[in-house]
Amino acid sequence: MHFVAEAPPDLGEVIHEREIPSAIELIAPLVIRLNAILVDRGLIPEADGRTVALCLDEALRNAIVHGNRSEFRKKVLVRVILGSDMWWIAIEDEGAGFDPEAIPDVETEDALWNEGGRGIRLIEHFMDDVRFYRRGSCIVVGRRLS
Amino acid sequence: MQAQSTENVIRFRPVGKVVVASFAKGGFRDERDILKVLEKLAEFIEKRQGVRLLFNMETIEYLSSAGLGALVGLLKKSKRQGGTFKLCSLQPAIRELFDVMKLTKIFDIFGSEEEALASF
């Protein structure tokens with residue numbers, strides 16, 4: 001897992017930027033909007049929208065619920081970035097980050113019975129690249145340009 | 001996206017010794033609705049010791065880690081109550097999530113309701 005304390009580097013051109021307060025009701029409309037941007041730009045085929053939406057849903061939920069503790073006044077900043085061979089979405093909250101060691105390996109026999117801890121694993125499965133900056137308060141997910 | 005009311009959305013149908021739970025309406029994309037329905041399933045299991053429950057998921061079009069976690073919770077609750085909880089008719093994208101997370105190791109998942117009913 002790429003997990004560092006530093007801020008994310010310059011990954012390319014920011015083609016969309018949006019800041020939302022920490023309310024889970026705002027996740028679904030934002031995911032729809034982000035998906036539409038990716039499809040309109042030809043960055044993902046429409047058929048792939050579902051898995052990308054799932055990853056964005058998981059990442060935004062983590063940022064709002066775990067990062068910002070659902071405190072409405074705390075913001076989540078979302079940027080869609082177009083790099084030379086990848087597109088990225090950076091999602092940054094105002095929280096203190098997390099301990100990467102605390103993320104359970106949900107695929108072990110015992111952990112299969114855990115009710116939580118699968119969000120990041122799903123993101124890792126469906127995206128080509130997942131990186132954490134600012135001790136985990138910023139997640140950057142990316143896919144290769146086809 | 002407006003969450004739908006979950007009143008009368010879940011239907012419980014006895015088939016022999018098994019109760020089949022399914023959605024009365026189709027096309028569930030908003031996970032808030034799905035999670036509310038899963039809470040109703042939890043209440044159902046809680047009140048019926050040893051119930052054999054089959055959850056037909058054919059109309060569920062979206063599930064995140066929260067939904068997967070809730071289903072694991074239902075399976076645990078069912079086992080604690082001495083019951084059986086099986087799944088059937090998952091859409092391919094939903095089935096893929098179970099495969100990815102290796103949840104097929106703990107859940108009994110069947111392609112069709114008939115197949116699942118025959119397994120009880």
Side-chain angles (χ1 to χ4, degrees), chain A residues 20 23-36 44-66 70 91 98 103-128 130 139 141, chain B residues 1-5 27-36 38-39 41-42 45-46 57 59-81 83-87 90-109:
Chain A
I20 60 164
I24 53 169
E25 294 77 17
L26 299 175
I27 293 175
L30 179 56
V31 168
I32 290 169
R33 176 82 186 111
L34 293 170
N35 240 334
I44 56 167
E46 208 165 346
D48 212 10
R50 190 195 291 255
T51 53
V52 172
L54 172 65
C55 295
L56 297 177
D57 183 353
E58 298 285 356
L60 285 165
R61 197 169 291 269
N62 282 346
I64 288 173
V65 177
H66 301 300
S70 298
I91 296 172
F98 62 92
I103 300 175
D105 180 357
V106 284
E107 293 173 16
T108 61
E109 289 296 326
D110 284 349
L112 287 173
W113 293 94
N114 288 358
E115 289 172 46
R118 291 184 178 84
I120 289 176
R121 299 296 176 219
L122 283 176
I123 297 171
E124 286 174 334
H125 178 80
F126 287 113
M127 301 303 288
D128 290 332
V130 182
I139 180 173
V141 299
Chain B
M1 198 182 290
Q2 189 70 45
Q4 299 177 41
S5 163
F28 276 80
R29 291 196 189 92
D30 191 321
E31 198 172 42
R32 284 174 293 171
D33 296 327
I34 297 165
L35 292 175
K36 281 186 210 159
L38 296 184
E39 281 173 26
L41 285 186
I45 292 170
E46 194 81 57
M57 294 175 62
T59 55
I60 294 185
E61 297 181 6
Y62 183 80
L63 208 60
S64 72
S65 64
L68 290 174
L71 285 168
V72 171
L74 287 179
L75 181 59
K76 287 184 346 194
K77 190 181 283 288
S78 167
K79 282 190 184 295
R80 277 199 305 272
Q81 300 274 102
T84 314
F85 180 61
K86 300 187 181 189
L87 308 175
L90 281 65
Q91 295 195 11
I94 304 293
R95 167 74 202 211
E96 187 184 3
L97 299 180
F98 280 80
D99 289 332
V100 167
M101 289 289 108
K102 300 195 167 42
L103 288 172
T104 45
K105 287 185 180 176
I106 59 171
F107 279 98
D108 286 329
I109 302 175

query: Hey, what do you get for CG (Leu68(B)) to CG (Asn114(A)), rounding to the nearest 0.5 Å?
result: 12.5 Å

task: Kindly indicate whether the side chain of Lys105(B), heavy atoms from C-beta on, has any atom under 4.5 Å from the side chain of Glu109(A).
output: yes

message: Could you check whether atom CG of Asp110(A) has more than 12 heavy atoms from other residues, nucleotides or ligands sitting under 6.0 Å from it?
response: no

query: With only heavy atoms counted, which part of Leu63(B) is less than 4.5 Å from chain A, the side chain, the backbone, both or neither?
result: backbone

query: Taking the side chain as C-beta and beyond, is there a heavy-atom pair between Leu97(B) and Arg118(A) under 4.5 Å?
result: no

- request: Would you name the heavy atoms of Met101(B) and Leu112(A) that are closest together and state the gap between them?
  value: O-CD2, 3.5 Å

message: Looking at chain A, which one of Leu75(B), Leu71(B), Leu103(B), Ile106(B) has the largest number of heavy-atom pairs inside 4.5 Å, strictly under?
response: Ile106(B)

message: Just verifying a value: how many Å separate Ser65(B) OG and Ile120(A) CD1, rounded to the nearest 0.5 Å?
response: 9.5 Å

message: Using side-chain heavy atoms (C-beta onward) and a distance below 4.5 Å, is Arg121(A) in contact with Lys102(B)?
response: no

field: Exceeds 12 heavy-atom contacts within 6.0 angstrom, atom NZ of Lys79(B)
entry: no

query: Do you know which of Gly69(B), Ala93(B), Ser64(B) has the most heavy-atom pairs with chain A at a distance under 4.5 angstrom?
result: Gly69(B)

message: Could you measure the distance from the CZ atom of Arg50(A) to the CD atom of Glu96(B)? Nearest 0.5 Å is fine.
response: 10.0 Å

